[in-house]
2 protein chains.
Amino acid sequence: MTKAEEYVEQRVASAMSAVSFVGVVETPEELLADRAYVLIRDLLITLEIAPGSVINEEVLGRTFGMGRTPIREALKRLVLEKLVVVYPRRGTFAADVQIQDLALTLDVRIPLEGLAAVRATRFAEVADIEAMDSLLKGISADEDKKVLLDIDAQFHRFLYQCARNPYLESTLSQYLNLSMRILHLVLDRVPNLPIHLAEQKEILEAIRERDAEKAEATAKQHLVTFENEMNAVLFSRD
Amino acid sequence: MTKAEEYVEQRVASAMSAVSFVGVVETPEELLADRAYVLIRDLLITLEIAPGSVINEEVLGRTFGMGRTPIREALKRLVLEKLVVVYPRRGTFAADVQIQDLALTLDVRIPLEGLAAVRATRFAEVADIEAMDSLLKGISADEDKKVLLDIDAQFHRFLYQCARNPYLESTLSQYLNLSMRILHLVLDRVPNLPIHLAEQKEILEAIRERDAEKAEATAKQHLVTFENEMNAVLFSRD
DNA sequence: CGAAGCAATCTGGTATCGATCTTTTGTCGG
DNA sequence: CCGACAAAAGATCGATACCAGATTGCTTCG
């Protein structure tokens with residue numbers, strides 16, 4: 001076993017234990033390919049599999065206790081989401097993170113999140129809004145960064161669901177994954193996540209008031225803020 | 001072999017012969033899975049595989065002269081694009097076309113096509129614009145509907161490429177596929193495709209003049225026109 | 001006529017073979 | 001002795017064939 005393999009296996013093992021309580025051990029009811037997808041995706045997003053590193057199908061399969069087929073299906077899916085790159089008959093790699101990709105993905109995300117916010121003002125149910133509201137209110141700004149990040153992702157997924165458009169939801173989810181990966185990349189250098197929390201409360205308020213224009217504007221602004229912060233961090237070091 | 005299988009096989013065989021001149025027979029350089037993806041996708045878009053009909057992996061594999069694995073990978077990809085539905089351990093089916101899906105997909109497409117048009121005004125090269133222009137000019141409005149449809153798709157793909165954003169391009173391509181499928185559904189009832197040709201010329205003109213605002217507006221309007229036409233046809237029969 | 005059981009069928013997953021690319025090693029020439 | 005080219009070994013994904021699990025539909029028996 002090479003050093004790269006050992007590294008991956010070690011990282012994967014820790015991730016497995018972290019999610020082991022989610023799925024029941026003795027019931028392989030869910031599809032192995034789906035399980036593999038979630039596991040590998042999270043390893044990529046959290047950078048536990050570093051960008052550019054080698055991904056070996058057999059090693060992953062052995063680590064997860066499954067064959068190569070579910071792994072392959074998961075990887076093919078991740079290729080479409082641009083988190084993984086496969087060079088035929090050569091190897092599979094975690095996709096590199098290009099700083100220009102931040103701007104490219106946000107170009108797409110910004111109008112779509114705006115659309116999602118507009119639709120949410122029409123379709124979000126009061127109960128959902130209140131649930132999200134209490135979640136946001138229950139979080140103080142001095143939480144752990146990982147927690148704040150998780151809340152951030154939850155809020156966006158909530159927004160996508162409230163838009164009641166499965167196409168929009170799945171497209172935006174993919175882009176959120178890409179953004180989360182970039183965020184993890186500079187996680188220790190990003191200064192203030194609390195501001196995101198405030199902006200999210202503002203978006204939620206606009207949805208509650210059924211103010212489509214305000215919801216769209218604040219949702220877009222939320223991403224612009226994010227982009228500016230990222231650029232400040234990314235280009236200050238460069 | 002069931003009747004459904006015979007039907008699919010027959011349809012597939014005709015499609016194979018239709019594209020056989022494209023790929024060289026003796027050189028399996030390209031990946032079989034990619035070839036299978038394109039073949040099956042086009043069969044779905046052109047409705048040669050009817051919505052709701054059964055898709056049998058083995059039958060497709062035999063028809064294409066390959067095993068089940070490439071077919072499986074292609075189908076998994078098509079599931080993500082929502083052209084195919086798989087019920088685990090039960091069967092695979094061509095996704096149904098819901099009339100509401102037209103509005104849902106266009107909701108997403110409209111802002112993104114606008115974005116693509118805006119970006120195209122910045123990044124499109126003169127040579128590309130001229131090539132597209134001569135293609136559009138060379139087509140008269142009384143061409144065969146299938147030809148006009150193909151031109152329409154080519155124009156959109158051209159727009160996506162000129163936007164110089166691979167994320168945007170791949171996302172929009174998926175939505176274009178879905179739209180093309182709906183278009184094929186009502187192909188014999190849709191009245192005037194020539195108007196699309198005129199609108200496309202207008203979009204191209206805006207790009208040539210580097211008028212971002214006009215390009216965005218006309219690109220969006222192009223889709224609104226499409227939506228109105230579709231709705232007129234779809235709901236008039238209902 | 002209804003329910004239980006069996007057979008057929010299809011996808012999910014594994015193991016294996018094969019093709020291709022990379023790397024290493026060995027040889028030859030300078 | 002060193003460098004370059006060539007051949008062979010290693011590694012990885014691509015594809016196939018086979019087996020297993022699950023669901024469906026039919027058949028048969030009460």
Side-chain angles (χ1 to χ4, degrees), chain A residues 1-9 12 23-24 26-40 49 52-80 83-95, chain B residues 1-9 12 23-24 26-40 49 52-80 83-95:
Chain A
M1 186 181 291
T2 68
K3 278 185 292 184
E5 283 178 358
E6 282 180 28
Y7 172 78
V8 170
E9 189 142 359
V12 166
V24 184
E26 300 284 46
T27 56
E29 268 311 305
E30 60 185 342
L31 264 51
L32 259 56
D34 289 339
R35 186 178 179 78
Y37 165 75
V38 173
L39 287 169
I40 301 173
I49 296 179
S53 50
V54 181
I55 298 178
N56 187 299
E57 294 178 354
E58 193 194 340
V59 173
L60 277 179
R62 250 185 298 142
T63 312
F64 291 160
M66 58 182 78
R68 268 180 58 204
T69 303
I71 306 292
R72 273 182 60 100
E73 288 184 10
L75 289 176
K76 283 281 154 60
R77 203 166 148 187
L78 291 164
V79 167
L80 293 180
L83 283 171
V84 163
V85 180
V86 173
Y87 299 96
R89 296 183 185 83
R90 281 178 47 186
T92 306
F93 304 87
Chain B
M1 186 181 291
T2 68
K3 278 184 293 184
E5 283 178 0
E6 283 181 27
Y7 172 77
V8 169
E9 188 143 1
V12 166
V24 183
E26 301 283 45
T27 56
E29 267 311 305
E30 60 186 341
L31 265 50
L32 258 55
D34 288 339
R35 186 178 178 78
Y37 165 76
V38 173
L39 287 169
I40 301 173
I49 296 179
S53 50
V54 181
I55 297 179
N56 187 298
E57 295 177 354
E58 192 194 340
V59 173
L60 278 179
R62 248 185 298 140
T63 311
F64 290 161
M66 59 182 77
R68 266 182 59 203
T69 303
I71 306 292
R72 275 184 54 126
E73 290 184 9
L75 289 176
K76 284 279 153 60
R77 201 166 150 186
L78 291 164
V79 167
L80 293 179
L83 283 171
V84 163
V85 180
V86 173
Y87 299 96
R89 297 183 184 85
R90 280 176 48 186
T92 306
F93 304 87

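Chain A is the first sequence line, chain B the second, and so forth, proteins listed ahead of strands; every chain is numbered from 1. These values consider heavy atoms only, across backbone and side chains, with no hydrogens, waters or symmetry-generated copies.
- Note on A:Glu58: nothing from the nucleic acid sits closer than 4.0 angstrom, heavy atoms only.
- One can place CZ of B:Arg89 at 13 Å from C1' of D:dC19, the figure rounded to the nearest angstrom.
- The side-chain heavy atoms of B:Phe64 and B:Leu32, taken from C-beta on, include no pair separated by under 4.5 Å.
- Side-chain proximity of A:Asn56 to the nucleotides D:dA15, C:dG13, D:dT12 is greatest for D:dT12.
- In this structure, A:Arg68 atom CZ and D:dA11 atom P are separated by 15 Å, rounded to whole Å.
- When distances are taken from the side chain of A:Glu57 to each of D:dA15, D:dC13, C:dT11, the shortest belongs to D:dC13.
- Whole-Å rounding puts the A:Tyr87 OH to D:dC13 P distance at 13 Å.
- Note: CZ (A:Phe64) to P (C:dG13) measures 14 Å, nearest angstrom.
- Between A:Leu78 atom CG and D:dC13 atom C1' the separation is 16 Å, expressed in whole Å.
- One finds a side-chain N or O of A:Thr92 lying less than 4.0 angstrom from the OP1 or OP2 phosphate oxygen of D:dC13.
- Taking the side chain as every heavy atom from C-beta outward, B:Leu75 and B:Arg68 never approach each other to under 4.5 Å.
- In this structure, A:Ile71 places its CD1 atom 18 Å from C1' of D:dA15, rounding to the nearest Å.
- In the interface, the side chain of B:Arg90 is not paired with the base of C:dG12 through any donor and acceptor atom under 3.5 Å apart.
- Comparing D:dC18, D:dA15, D:dG14 by their closest approach to the side chain of A:Arg72 singles out D:dG14.
- Mapping B:Lys76 and A:Pro88 onto DNA chain C by nearest heavy atom places B:Lys76 closer to the 5' end of the strand.
- Rounding to whole angstrom units, CD of residue B:Glu73 and P of C:dG12 are separated by 13 Å.
- In this structure, A:Leu60 places its CG atom 18 Å from P of D:dA11, rounding to the nearest Å.
- Two residues are said to be in side-chain contact when any heavy atoms from C-beta on lie closer than 4.5 Å; A:Val59 and A:Arg62 meet this criterion.
- For B:Ala94, the side chain to side chain contact (heavy atoms under 4.5 Å, CB included) test picks out B:Leu44, B:Ile49, B:Ser53, B:Ile55, with sequence neighbours left out.
- Every residue two or more places apart in sequence or in another chain that forms a side chain to side chain donor-acceptor pair (under 3.5 Å) with A:Glu73 is listed here: B:Arg72, B:Lys76.
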